[in-house]
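Structure first, then comments.
Chain A is the first sequence line, chain B the second, and so forth, proteins listed ahead of strands; every chain is numbered from 1.
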Amino acid sequence: MTRAAPVAFALALGACSSTTVVLLPEPDGRPTAVTVTDARGDVVLDQPYAAVRRNALRTEPYASNADEVKREFGAALAAQPPREKRFTLHFPEGRDEIADESRAELDAALAEIASRAVADVLVVGHTDLVGSGPLNDALAKQRADAVRAELIRRGVAASAVQASGRGSREPAVATAPGVAEPRNRRVEIVVR
Amino acid sequence: MTRAPLAALAFALAALPALAADIGQVKTAAGAVMIDRAGTTIAAKPGMHVETSDVVRTGADGSVGITMNDNALLALGPNSVLALDSFAFDTTTYQGKFDATLSKGSLAVVSGKIAKQSPDAMKVRTPASVLGVRGTEFVVKVD
């Protein structure tokens, strides 16, 4: 009997526990949704401030609002890390040297990194749709490595910068395969 | 023909560090913020990395903000407990999986690349529900 009591107590706590979820508006108005699932099924939140409160006994959908979210979640929202900032550098065809006209963008990225208390930096290389997938993966990574080396040379801690390549998976401008497109030959510096 | 397997091996090896310890970084911390990791408890400070299976806890005056490696942002209000159950993210394909459990308190989420690439690959569990994340910004509270 002494063992059963804590278990029953824990079960009772779980049954009393309620979960409240509020979907927030997207800054750019893109579609967004969260599905809240329990034993009784799914509730889909897909409108700004759509909300639901669920516990073992009931499901209570409601419309929240900015003031209520601020009141209930202000401390968590205030602790959110700063949003990422992106800087895009361009490259000559088939090469891993930063184009001269992208030097100012590199300087802007360095300034953003310096302005953050705890910055980590992702350097993501991309290619255009000329050439094969494996070759583009390698070239994209080479471009990212070149930018990473440059950031480190300019004083960013090596441990704070990671480089990766996306090959031609994420063109900035859609083109047919085989089209040389300067805007797609790029490295994105993501400061976060 | 011998080159292709070697290249595949090189890719596999290159991917290994992403699976190892570091899955995100503490960016903000105020008041009492603790991380339970492998049987010990450490005070969380900005700059510290988080790992799979970490449990992040805040005290009555605590709050913390974490940026995950897929750019997801997690922020806890006071008196909160969040377990980072599992996290896998491929930086080339953006495929991955992220499971976290909020057992009490409040959490603000901005989802990242994992949820964008594969809807429902990111889940937040609470004692009463499972949240499947398709869009980006929401808040959740357990009480």
* To do: Let me know if B/L131 has heavy atoms under 4.5 Å from chain A in its side chain, its backbone, both or neither.
  => both

* To do: Give the cluster check for A/V124 versus B/M68: same hydrophobic cluster or not, with ILVMFWY residues linked at side-chain heavy-atom distances below 4.5 Å.
  => yes

* Asked: Between B/R37 and B/D54, is a salt bridge (Lys or Arg N to Asp or Glu O under 4.0 Å) present by the stated rule, with each step listed?
  -> CA-CA 5 Å; B/R37 177 180 300 164; B/D54 279 359; 2.7 Å; yes

* Between the side chains of B/S129 and A/D38, does any donor sit under 3.5 Å from an acceptor? -> no

* **Engaged part of A/R30 at the chain B interface, taking heavy atoms whose separation is under 4.5 Å** => side chain

* Asked: Where on A/A33 is there a heavy atom nearer than 4.5 Å to chain B: the side chain, the backbone, both, or neither?
  -> both

* **A/R169 portion near chain B, given a 4.5 angstrom heavy-atom threshold** => side chain

* Checking heavy atoms, do the side chain of B/K116, its backbone, both or neither come under 4.5 Å from chain A? -> side chain

* Below 4.5 Å from any heavy atom of chain B, which atoms of A/V44 appear? Answer side chain, backbone, both or neither. => neither

* Contact winner vs chain B - A/T32, A/T35, A/V190, heavy-atom pairs under 4.5 Å -> A/T35

* Between the side chains of B/S118 and B/Q95, is a donor N or O closer than 3.5 angstrom to an acceptor N or O? -> yes

* To do: Could you walk me through whether A/Y49 and A/L24 pass side chain to side chain contact (heavy atoms under 4.5 Å, CB included), step by step?
  => CA-CA 5 Å; A/Y49 297 112; A/L24 301 182; 4.2 Å; yes

* To do: With side chain to side chain contact (heavy atoms under 4.5 Å, CB included) as the test, would you mind laying out the steps for B/N69 and B/F98 before giving the verdict?
  => CA-CA 11 Å; B/N69 283 356; B/F98 182 17; over 6 Å; no

* Asked: Side chain, backbone, both or neither: which part of B/V26 has a non-hydrogen atom closer than 4.5 Å to chain A?
  -> backbone

Contacts table for residues 65-81 of chain A: side-chain donor-acceptor under 3.5 angstrom, sequence neighbours left out:
unit_1: A/N65; atom_1: OD1; unit_2: A/D67; atom_2: N; d: 3.1
unit_1: A/N65; atom_1: OD1; unit_2: A/E68; atom_2: N; d: 2.8
unit_1: A/E68; atom_1: OE1; unit_2: A/S64; atom_2: OG; d: 2.4
unit_1: A/E72; atom_1: OE1; unit_2: B/K141; atom_2: NZ; d: 2.4
unit_1: A/Q80; atom_1: OE1; unit_2: A/R83; atom_2: NH2; d: 3.4

* Contacting moiety of B/L102, where chain A heavy atoms sit under 4.5 Å -> neither

* To do: Please state whether the side chain, the backbone, both or neither of A/A119 comes within less than 4.5 Å of a heavy atom of chain B.
  => backbone

* Asked: Got a salt bridge between A/K141 and A/D137, using NZ or NE/NH1/NH2 to carboxylate O under 4.0 Å?
  -> no

* To do: Would you mind checking which part of B/V130 comes under 4.5 Å of any heavy atom in chain A, side chain (CB onward), backbone (N, CA, C, O), both or neither?
  => both

* Could A/R185 and A/D128 be called an ion pair, given the rule that one side-chain N must be under 4.0 Å from one carboxylate O? -> yes

* **Which of B/G65, B/G77, B/G132, B/A108 touches chain A most, by non-hydrogen pairs under 4.5 Å** => B/G132

* Structure fact -> Ranked by heavy-atom pairs below 4.5 Å to chain A, first place among B/N71, B/V64, B/L73 goes to B/N71

* Structure fact -> When the 4.5 angstrom heavy-atom criterion is applied to A/L122 and chain B, the contacting part is side chain

